[in-house]
Amino acid sequence: MGSRGVANMILSRASRMKAKLQSSLEASLLEIEDVSHQHAGHAAMKGNTAGETHFNVKIVSPKFDGLNLVKRHRLVYDALAEELQSGLHALSIVAKTPQEEGAAAKK
């Protein structure tokens, strides 16, 4: 196993996700919440012992400027492609530009 494989086993999925999203999308705000425990009894999770399968992600990035919601989510999914192939089952994504986040904070 290469050093990358060892590093992936040591870091939590949330930590890996945070590093990947931060580096690819230059997030000014990034919140990742593991909600896997809420889905432990669901049929799709029976027999899955991996944990860390369901996450809420809130990300603010200037790279979302001018993009619709689908394209923003695609950027997030693309950044997390390796995680999605290795056990990440579901994401709930809130993706905003810094301007949108600033306007929401003023309300």
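Every residue was checked against the side chain to side chain donor-acceptor pair (under 3.5 Å) condition with S24, not counting sequence neighbours, and none meets it. The side chain to side chain donor-acceptor pair (under 3.5 Å) test applied to K63 returns no partner, not counting sequence neighbours. Every residue meeting the side-chain contact (heavy atoms from CB on, under 4.5 Å) condition with D65, not counting sequence neighbours, appears here in chain and number order: T97, Q99.
Side-chain atoms of R16 do not come within 3.5 Å of backbone N or O of E83 as any donor-acceptor pair. In terms of modelled atom types and a separation under 3.5 Å, the side chain of S36 and the main chain of H54 share a donor-acceptor contact. Side-chain N or O atoms of E33 include none that pairs as donor or acceptor with a backbone N or O of N56 at under 3.5 Å.
Cluster partners of L30, using a side-chain heavy-atom cutoff of under 4.5 Å among ILVMFWY residues and allowing indirect links, are M17, L21, L25, I32, F55, V57, I59, F64, L67, L75, V76, Y77, L80, L84, L88, L91, I93. In the hydrophobic clustering, where aliphatic and aromatic side chains (Ile, Leu, Val, Met, Phe, Trp, Tyr) are joined below 4.5 Å either directly or transitively, V70 stands alone. Counting Ile, Leu, Val, Met, Phe, Trp and Tyr side chains that sit under 4.5 Å apart, directly or through other members, V60 shares a hydrophobic cluster with L29.
Contact between P62 and E26 at its shortest, heavy atoms only, is CD-O, 3.6 Å.
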### Task
Go through E31 and K18 one step at a time and tell me if the salt bridge (charged side-chain N to carboxylate O under 4.0 Å, His left out) criterion holds.
CA-CA 8 Å; E31 297 173 359; K18 189 167 192 161; over 6 Å; no
